[in-house]
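In what follows, a structure is listed as structure tokens, so that the remarks can point back to it.
All residue numbers in this chain count up from 1 along the given sequence.
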Amino acid sequence: MRWSGQMIGERDASALPGLETVEGLVRSVKTPEFAGMTFHEVAARSALNHVPGASAMPFDWTVNPYRGCSHACSYCLSPDTPVLCGDGRHRPIGELSVGDEVVGTSQQGAYRRYVKTEVRAAWTTRKRAYRVSLADGTELVASGDHRFLTERGWKHVIGAMSGAGRRPFLTMSHRLQGFGLRDARTIADGDLLSAEFRLGYLTGMIRGDGMIFHGRYSDATRVRDIHRFRLALVDDEALTRTRTFLEHEGVPTRTRPFVAASDTRRSMSALHTARSADVARIEELVEIPTQPSVGWLCGFLSGIFDAEGSFSRGILRICNKDRQIIAITTHALTALEVPHVVEPARPNGVITVRVVGGLPSHERFFTSVAPAITRKLDILGTAVKTAADLRVASIEDLGVEIDMVDITTGTGDFIAGGVVSHNCFARNTHTYLDLDAGRDFDEQIVVKVNVAEVLRRELAAPSWRRESVALGTNTDPYQRAEGRYRLMPEIIDALASSGTPFSILTKGTLLRRDLPLLTEARSSVPVSISMSIAMPDERLRQTLEAGAPTFEARLQTVRAAADAGFAVTVFLMPIVPHLTDSVAVLDDALARIAASGARRVVFGALHLRPGAREWFWQWLEREHPELVPAYRGLYPRASVYAPAGYRTWLAARVRPMLRRHRLAGGAEEEVETRPSRPGPVRMTKTPVADRLF
């Protein structure tokens with residue numbers, strides 16, 4: 001409510017019920033306890049608000065002691081953690097940007113498989129560092145909040161069995177999922193330019209697939225010596241690398257078409273030179289040293305794999321007739337500790353060196369030698385089967401805070417350090433949009449200081465039929481301001497004393513203060529309690545609900561209410577399309593909700609009502625511009641609700657999780673019914689909060 005733009009005594013048709021004028025303004029208060037907020041204390045003319053008959057809300061009456069909300073409604077990895085990208089290469093997570101393609105996973109039939117996905121957000125933070133060491137030698141540095149996929153589901157790096165830190169966490173009995181990167185040395189751009197790697201690559205590539213020709217041609221007039229070099233390839237990536245490396249060594253080449261494309265083959269291009277000095281120089285460059293360095297061996301394997309190697313159907317092999325080439329290939333693989341076997345020569349003399357050990361060995365090879373040809377690195381569609389020994393060997397608190405990086409992806413996960421790592425939703429929106437349609441709703445709080453007095457008068461009226469009243473349907477009655485004004489105890493007493501059943505929906509832990517009053521009220525009238533808990537990510541709460549209690553604190557409030565005998569409902573909503581609707585996020589939230597003692601969960605997709613809609617679109621365009629086209633499809637023009645197809649898909653995803661965690665409830669449209677209006681009403685269903693839509 002913008003007080004500065006109103007005239008005293010003038011009616012405002014868009015004002016909230018009972019606040020059409022500001023004549024009731026008592027005073028405006030600022031206090032250091034709520035920095036940046038102004039409390040406008042008003043003498044309200046009414047307390048009971050009647051819901052219009054055309055409304056879809058499943059209740060008829062509400063009481064809102066506040067307008068505005070003083071709630072002001074993270075994972076992370078070390079920046080050098082290698083992340084598997086869509087081109088089959090690994091890049092440090094600190095170098096990734098929005099729009100980059102990475103590899104995530106997707107459940108397809110009986111298996112989780114590697115799939116390509118997109119980075120939707122990337123950001124940095126500073127957190128305490130922990131080193132997770134695996135039995136195969138893989139090491140990952142992450143925050144205690146980060147989660148990895150194990151054979152028993154998603155686990156945080158650290159946690160506790162009980163108390164405030166209770167959550168699933170890694171132990172020595174867990175095994176991570178993926179392939180691991182045991183002591184793998186990821187080739188960087190600088191390594192590719194080193195002289196040793198260049199010479200090794202040129203040796204492997206040119207000896208494997210190049211042609212050097214020396215000959216003498218004579219005709220009637222003269223005799224000419226011919227010296228030629230040619231390298232013809234289908235893949236431009238390897239051709240470009242070879243040309244660049246030759247240029248580094250002072251050998252210019254020309255590129256020309258070699259074979260045109262046909263119905264059965266791809267086109268080929270070739271590098272060539274016919275200068276005798278250049279051909280002689282190439283012969284010098286591809287000499288095999290007597291004691292090759294590790295850098296040269298990495299380059300050689302990279303070149304010979306681009307020239308004569310393949311990776312198909314989970315088999316990585318290098319084939320050649322030259323026994324010297326085979327010998328140096330096996331020597332290099334042994335030096336890099338890549339397990340392999342040499343198969344007997346075929347009738348045509350071709351010998352095959354095959355890398356064994358499955359995907360862990362294949363990825364070790366790829367990260368160590370960095371082949372140029374992208375198509376040969378493709379693991380997409382491969383099942384996530386853990387062949388490496390990825391048991392947790394130790395979790396070490398490094399005792400320091402470091403800069404860390406995290407990303408959001410389309411699949412909800414990514415491959416970090418060779419293991420499946422949980423997506424972070426810390427940049428997602430998940431606030432109750434009707435509560436935060438603009439800055440004023442966070443900072444300008446209207447407090448109906450006389451609400452209990454007015455409510456008692458209205459409840460005592462002969463016309464009052466003791467219909468159920470819903471609290472928390474527009475703003476939270478247990479927001480932080482309630483700690484200062486203490487309006488709820490009198491409201492509870494007024495409702496119970498008049499024989500009026502009521503329900504409370506809140507995300508505030510101040511509810512625990514009034515549990516004795518609510519227990520007493522329940523002996524007189526039906527009382528139901530619901531807790532709004534939408535996302536377990538702590539950084540998200542800090543970003544969008546800075547003044548609201550943590551996810552864990554709200555779960556403790558649910559536990560306290562359940563222990564007091566209340567059948568608590570949790571509202572897991574709004575679920576935000578493309579951002580908070582992954583299986584991993586939803587399943588983890590429901591598991592923790594069930595463990596808190598809640599009986600029922602109501603879930604629903606994001607609603608975009610006027611006021612909230614404008615705010616959300618501004619946020620989306622600023623924080624997730626890549627999702628704007630998708631949302632225009634989901635919420636065209638003035639649409640408030642996600643389309644029926646999405647809601648059906650979401651319900652099909654969540655229902656099995658509810659059954660698995662033994663929770664009642666369902667989608668908002670399935671479990672809520674509007675009470676009939678004639679006669680006294682007893683709410684048989686927990687009311688959906690208006691502020692959730």
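Taking the side chain as every heavy atom from C-beta outward, T171 and F169 approach each other to under 4.5 Å. Counting only heavy atoms from C-beta outward, the side chains of V141 and L398 approach each other to under 4.5 Å. In this structure the side chain of I288 reaches within 4.5 angstrom of the side chain of R207, judged on heavy atoms. L359 is listed as a side-chain neighbour of I379, based on a closest heavy-atom distance under 4.5 Å. For the pair P82 and L181, the minimum side-chain heavy-atom distance is below 4.5 Å. With contacts defined as side-chain heavy-atom distances shorter than 4.5 Å, the pair T386/F179 does not qualify.
Between R224 and S218, the side chains place no donor N or O within less than 3.5 Å of an acceptor N or O (distance only, hydrogens not considered). No hydrogens or angles considered: nothing links the side chains of T352 and R317 as a donor-acceptor pair under 3.5 Å. A donor atom on one side chain and an acceptor atom on the other are found under 3.5 Å apart for Y646 and D581. For the residue pair R147 / S421, no side-chain donor-acceptor distance below 3.5 Å is found, with atom types taken as modelled. Residues E283 and H227 have side chains that never bring a donor and an acceptor to within less than 3.5 angstrom of each other.
In this structure, CG in L231 is found 10.0 Å from CZ in F258, a value given to the nearest 0.5 Å. Taken to the nearest 0.5 Å, the CD1 atom of I282 stands 13.0 Å off from the CD atom of E287. H578 NE2 to L627 CG: the interatomic distance, rounded to the nearest 0.5 Å, is 6.5 Å. Rounded to the nearest 0.5 Å, atoms CZ (R216) and CD1 (I226) are 10.5 Å apart. Rounding to the nearest 0.5 Å places CD1 of I158 at 8.5 Å from CZ of R128.
Because its NZ or CZ atom is both nearer than 6.0 Å to the ring centre of Y201 and within 45° of the ring axis, R241 counts as a cation-pi partner of that residue. Cation-pi geometry between K155 and F148 is not satisfied (NZ or CZ under 6.0 Å from the ring centre, within 45° of the ring normal).
With ring centers used as reference points, F229 lies 6.0 Å or more from F213. Ring centers of F311 and F366: under 6.0 Å apart, within the cut-off.
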**OP:** For side-chain contact (heavy atoms from CB on, under 4.5 Å), just list the numbers for R243 and T253, CA-CA rounded to whole Å, side-chain angles, deciding distance to a tenth of an Å, and then say yes or no.
**Re:** CA-CA 7 Å; R243 182 177 61 247; T253 58; 3.4 Å; yes

Subject >> Worked check of side-chain hydrogen bond (donor to acceptor under 3.5 Å, both in side chains) between T374 and E237 >> reply: CA-CA 8 Å; T374 302; E237 296 158 310; 2.5 Å; yes

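Look at E101 and K116 and you find a salt bridge, because one of the NZ, NE, NH1 or NH2 atoms lies within 4.0 Å of a carboxylate O, short of that distance.
When atom types are taken as modelled, the side chain of S361 and the backbone of V356 share a donor-acceptor pair closer than 3.5 angstrom. In this structure, the side chain of T138 does not engage the main chain of L134 through any donor-acceptor pair within 3.5 Å.
Scanning both residues, R230 and A270, for their nearest heavy atoms gives CG-CB, 4.0 Å. The two residues A345 and I351 have their closest heavy-atom pair at CB-CG1, 3.8 Å.
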